[in-house]
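These notes concern the structure reproduced below.
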Amino acid sequence: MSRYNPKGHAAAVFAAAEKFKKQALIDGESILDVGHQKIWIPQNFDPLIKHYVNNPLIDDERNMVTKLGQQLKPCPAESVALFAEIYWILLLGPTNLRASKKRERVHYVWNMTSTPISTLPSDDANSQFLNDSALSGIGSAGPGFNMYQWKELQFAVVAFKNLMEMDLDVRSLLLAEPWAFAEWLDHFDEANGRQFYHCLCHLMFPDEFERIFSEKDKAKLARSSMLGISPSSLKDRPSRDQALFTARQALETAKGSLEVDFYKDPPILVRSKILKRPKTAANLFDLTVDSPSDAAEEPLDESEDAESVPFSDWIPINRIYFGPPGTGKTYEMSKLRSERFDDGEQIEFLSFHPSYSYEDFVEGFRPEPGKNGQLSDRPVKGPFRRICEQAHANPDIRHTLFIDEINRANVAKVFGELITILEESKRCDPGVKFEDFSSSVTLQYSGDKLAVPRNLDIIASMNTADRSVTAIDHALRRRFEFIECPAMPELIEPPMVGEIDLRKLLSAVNDRVEFLRDRDHAIGHAILMNIDDIEGLRRAFSTRIIPLLMEYFFEDTHQAKIALTGKTGATVFFDERPLTPSALFDGCEDLVGTEKRLAISPAKKIEKWTELDFRLLYDRSAKASDEPIRAEPSVVKVQHGAAAATEASSVL
C-alpha cells in the first residue's frame with residue numbers, strides 16, 4: 001500500500017485527514033471549532049472567491065501575510081475560519097514546515113478577524129488536528145510549494161467550493177472513489193501545475209496514491225524502465241496515478257511485502273546528497289511579520305524533492321549546437337533530451353523545415369473542431385506557446401524545447417515578435433501572470449499576452465553545411481549561445497581498419513575540403529565510428545562520404561574527386577569514360593565543338609576498393625612499402641619500382 005512510510009510516523013496524519021474528510025467534507029462541520037459549527041457550506045466560500053481568489057494582489061510587493069490580512073479583512077468570521085481550515089489541510093501533508101510553524105500559521109489566520117467564531121484551544125496537544133504528530137507531515141513538497149503557496153490556496157478554495165455545492169449523495173460517492181476523485185480534482189483550470197492535487201489525493205486515499213508531492217518526481221517515476229509503464233497510460237495525472245498504483249501492486253507481489261517506497265526501495269527517486277533550503281528565500285512566504293521562517297533552517301530529506309535553487313533564480317539556457325553533418329550535434333541533443341526526460345522534466349521536440357512558419361510555431365488559424373460541428377474561430381496554439389504556458393503553470397519543473405535543424409526555416413519569421421523576449425533579462429518568473437509582466441508581448445492572431453518563463457530552455461541544432469552561422473539572423477545570434485561541434489577525427493573508434501588509419505584518412509579529406517570550400521563543410525567523425533572491417537568502410541564511403549562531397553560541390557564530380565583523392569587523374573573511387581563529339585553528334589561541330597570530355601561518376605563496383613586504395617588517400621608513400629615481396633629481392637625492387645611508376649602514371 002502506498003500509505004507505507006519508512007519513517008513510520010504517518011498514522012496520526014492519516015487519522016486527522018480521515019476525520020477531516022468525514023467531519024468537514026461530508027458533514028460540513030468545522031474541525032477546529034469546539035462547537036463544530038457548520039462552516040463548510042457554499043455561502044461561506046463566496047467572500048473567499050471575491051476577496052482572495054479574484055484579488056491576488058500580484059503587483060503588491062508586500063509579503064504574503066500583509067496581503068492576506070487585506071484580502072480577508074472584508075470577509076465574515078465564518079469565511080475566515082473556513083480559510084484557516086483550508087490552509088490547515090493544505091499544510092497537513094508536506095514536511096516543508098515544522099509542526100510548530102504550521103500551528104502558528106493556522107492560529108494566525110483563524111484570529112485574523114477581530115471577532116473569530118470561537119477561541120481555539122490553547123492546549124494544541126489535545127487537538128487531533130493541531131498536535132505535533134498530526135502536523136508532522138509525510139513528504140516534502142519542495143520550495144515551489146511555499147513559493148507559490150498563494151496559488152495552491154486559490155486552487156484549494158475553488159475546488160472545495162465546487163465540492164460543497166454538490167448534493168450530499170454525490171459528494172459522498174466522490175469521496176469514496178479514488179479515481180473519480182482524482183479526475184474531478186484535476187479538471188479545474190486552477191489545478192494546472194498545482195501540487196495540492198498530489199497532496200490531497202494521497203491524504204484522502206493513502207492506499208491508492210503515492211506519497212509523492214512533486215510533479216517532477218511523479219513524472220520521473222512513471223517513466224522509469226523498472227516499472228514498465230506504457231506511455232499511453234500517461235495522458236493525464238489521474239491516468240498516471242492509476243498506472244503507478246498498478247505498478248506498485250506488481251512490485252509488492254514480486255517482493256512479497258507492502259514495504260515499497262520509491263524514495264528508499266526500490267530507490268528510483270533517491271537523492272545523492274542532503275540538500276538544504278536556501279536562506280535567501282527564507283522570508284518570502286513567512287506568515288509571521290518578524291522572525292525568518294523556521295523552514296529555512298530545516299534540513300530536507302535526501303530522499304525527497306528538495307531543489308536547492310529558488311525558482312526566481314532559474315537561469316534559462318538558449319543554446320545552438322552547430323557544425324557539419326556527423327559531428328555529434330544530434331547526439332548531444334539526444335543525450336540531454338533523454339537525461340531530462342528520465343529525470344521527470346517536461347520536453348517538447350520539433351524539427352524546422354523550409355515551410356515552417358510562425359503559424360506552426362506560435363499560433364495560427366488551422367482547421368479545428370468548434371461548437372456545433374463548426375470550425376473553431378480561435379487560433380490553434382503551436383508548440384512554443386504550449387510549452388511556455390506549461391512552464392508558467394509548473395514553476396518547479398524545468399521545461400526544454402528541442403529544435404532540430406533550426407536554420408532550415410526562416411528563424412526570424414518563425415519566432416516573430418517573440419525573438420525580443422528570449423533573452424534572460426526579458427524572461428518572466430514562473431507563476432507571474434503574462435498579462436501583468438512588463439516584457440510580455442501581444443500575439444498576432446489571438447491578441448493574448450505571452451511571455452517566456454525562466455524555467456524554459458531552448459536547445460537547438462544547426463547544420464552548417466546547409467547554412468553558415470554568419471547567415472543566421474543577428475537578433476537570434478545575440479540571444480543564443482553557439483556551441484561548435486567540429487569534426488574531430490581523434491574521436492573515431494576503432495581508429496584502425498586493418499592497416500587503414502581512419503583518423504588520418506578523415507583528416508586528410510577534411511583538409512582538402514576546407515581548402516576547396518570551407519570548414520563548415522567538413523565530414524563528421526560520426527560517419528566513420530564503429531567501423532571494424534573493410535566492407536563497412538566501403539559502404540560508408542559509397543553511401544555517405546562520396547554523396548556528401550557531391551552535395552558540397554553542387555554535383556561537380558571533378559571537384560568531389562579532387563577533394564576525396566587530391567588528384568585529377570583516374571581513381572578507383574570514380575568511374576570515368578570519354579565522351580567524343582564525333583561519335584555522339586553528326587555535323588554539329590559548330591555547336592558542340594570537337595573537344596573530348598570525360599564523364600565521371602561515383603564507382604559502382606566498390607568491392608574492388610582495397611586497403612591500399614584507402615591508404616593512398618592520406619599516405620602518398622603507402623604504395624612503395626606495401627607491394628608484396630616476390631621470389632628474388634633484387635628483382636622485386638626493380639619490378640616494384642617499375643610497377644609503382646606505371647601505376648602512378650595511370651593514376652595521375
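Residue Q154 holds its CD atom at 9.5 Å from CG of N55, rounded to the nearest 0.5 Å. The structure places CD of Q71 at 9.5 Å from CG of L153, a figure rounded to the nearest 0.5 Å. Note that the NE2 atom of H51 and the SG atom of C75 stand 5.0 Å from one another [nearest 0.5 Å]. Rounding to the nearest 0.5 angstrom, the gap separating the CG atom in D396 from the CD atom in E345 is 10.5 Å. Rounding to the nearest 0.5 Å gives a distance of 11.0 Å between CD1 of I31 and NE2 of H36. Note that CG of L251 is 11.5 Å distant from OG1 of T246, once rounded to the nearest 0.5 Å.
A side-chain donor-acceptor contact under 3.5 Å links R386 to the backbone of K381. A donor-acceptor distance shorter than 3.5 angstrom exists from the side chain of R479 to the backbone of I419, with no hydrogens or angles considered. Between the side chain of D457 and the backbone N or O of P316, no donor-acceptor pair lies under 3.5 Å. The backbone N or O of K449 sits nowhere less than 3.5 Å from a side-chain atom of S440 that would complete a donor-acceptor pair. Side chain of E259 to backbone of Y4: no donor-acceptor contact under 3.5 angstrom is found. Between the E85 side chain and the L32 main chain, a donor and an acceptor come within less than 3.5 Å of each other. In this structure, N394 contributes its side chain and Q390 its backbone to a donor-acceptor pair below 3.5 Å. Under a 3.5 Å cut-off, the side chain of T113 and the backbone N or O of P116 do not form any donor-acceptor pair. Remark: the backbone N or O of I397 is paired with a side-chain donor or acceptor of H399 at under 3.5 angstrom. The main-chain N or O of N5 is never found under 3.5 Å from a side-chain atom of D261 such that the two would form a donor-acceptor pair.
Note: F361 and F384 have parallel aromatic rings, judged against thresholds of 30 and 60 degrees for the angle between ring planes. Using cut-offs of 30° and 60° on the angle between ring planes, the pair F20 and W40 is perpendicular.
Residue pairs meeting the salt bridge (charged side-chain N to carboxylate O under 4.0 Å, His left out) criterion with at least one partner in residues 438-448, sequence neighbours excluded, are R378-D448, R385-D448. The stretch residues 23-52 participates, sequence neighbours left out, in these salt bridge (charged side-chain N to carboxylate O under 4.0 Å, His left out) pairs: K22-D27, D46-K161. Among residues at least two apart or in separate chains, salt bridge (charged side-chain N to carboxylate O under 4.0 Å, His left out) pairs with a member in residues 169-189 are D186-R237.
Inter-residue side-chain proximity for P178 and C201 is flagged as unmet; no heavy-atom pair is nearer than 4.5 Å. Within the 4.5 Å cutoff, the side chain of L418 has no heavy atoms near those of the V452 side chain. Using a 4.5 Å cut-off on side-chain heavy atoms (C-beta onward), E417 and T442 make no contact. When side chains are defined from C-beta on, L97 counts as touching R105, because their heavy atoms get closer than 4.5 Å. C199 places none of its side-chain heavy atoms less than 4.5 Å from the side chain of L90. Between F262 and V270 there is no side-chain heavy-atom pair separated by less than 4.5 Å. Counting heavy atoms from C-beta on, the side chains of V260 and D265 never come closer than 4.5 Å. Q149 has its side chain within reach of Y87: a pair of non-hydrogen atoms, C-beta onward, lies under 4.5 Å apart.
With W88 as the partner, the side-chain contact (heavy atoms from CB on, under 4.5 Å) test is satisfied by one option alone out of L92, I86, L91: L92.
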Worked verdict on V362 versus F415 for side-chain contact (heavy atoms from CB on, under 4.5 Å)
CA-CA 8 Å; V362 183; F415 277 89; over 6 Å; no
Check step by step if side-chain contact (heavy atoms from CB on, under 4.5 Å) holds for L336 and F341.
CA-CA 8 Å; L336 185 61; F341 180 83; over 6 Å; no
If you apply the rule side-chain contact (heavy atoms from CB on, under 4.5 Å), what do you find for K67 with W150, and how did you get there?
CA-CA 10 Å; K67 289 191 289 185; W150 61 276; over 6 Å; no
Quick one: do W179 and F209 satisfy ring pair (Phe, Tyr, Trp, His ring centres under 6.0 Å)? Show the steps, please.
CA-CA 9 Å; W179 311 123; F209 293 88; 5.0 Å; yes
Walk me through whether F213 and F145 qualify under ring pair (Phe, Tyr, Trp, His ring centres under 6.0 Å).
CA-CA 9 Å; F213 302 154; F145 183 81; 8.2 Å; no
Could you walk me through whether D241 and Y197 pass the side-chain hydrogen bond (donor to acceptor under 3.5 Å, both in side chains) check?
CA-CA 11 Å; D241 283 325; Y197 164 86; 2.7 Å; yes
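Among residues two or more places apart in sequence or in another chain, the side-chain contact (heavy atoms from CB on, under 4.5 Å) test is passed with S2 by E210, R248. Partners of K102 according to the salt bridge (Lys or Arg N to Asp or Glu O under 4.0 Å) rule, which considers only residues two or more places apart in sequence or in another chain, do not exist here. Residues passing the side-chain contact (heavy atoms from CB on, under 4.5 Å) test with N162, sequence neighbours excluded: M166, W184, F188. The ring-ring contact (aromatic ring centres under 6.0 Å, His included) test applied to Y52 returns F83, not counting sequence neighbours. By the ring-ring contact (aromatic ring centres under 6.0 Å, His included) test, H202 pairs with F14, sequence neighbours left out. For the side-chain contact (heavy atoms from CB on, under 4.5 Å) test, residues two or more places apart in sequence or in another chain that qualify with S224 are M226, I268. Under the ring-ring contact (aromatic ring centres under 6.0 Å, His included) criterion, F402 pairs with no residue at all, not counting sequence neighbours. Take E18 and apply the side-chain contact (heavy atoms from CB on, under 4.5 Å) test, not counting sequence neighbours, and it matches K21.
Taking every heavy atom of both residues into account, P453 and R427 meet most closely at O-NH1, 2.8 Å. Here the closest heavy-atom approach between residue L234 and residue R240 is recorded as CD2-CG, 3.6 Å. When all heavy atoms of L227 and L221 are compared, the closest pair comes out as CD1-O, 3.4 Å.
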Can you list, pair by pair, the side-chain donor-acceptor contacts under 3.5 Å of residues 126-139, counting residues two or more places apart and other chains?
residue	atom	partner	partner atom	Å
N126	ND2	D123	OD2	2.5
S127	OG	F129	N	3.2
S127	OG	L130	N	3.2
Q128	NE2	A15	O	3.4
N131	OD1	S133	N	3.0
N131	OD1	A134	N	2.8
N131	ND2	S127	O	2.7
D132	OD1	R103	NH1	2.7
D132	OD1	R103	NH2	2.9
S136	OG	S133	O	2.8

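Taking a cutoff of 4.0 Å between a charged side-chain nitrogen and a carboxylate oxygen, D342 and K220 do not qualify as a salt bridge.
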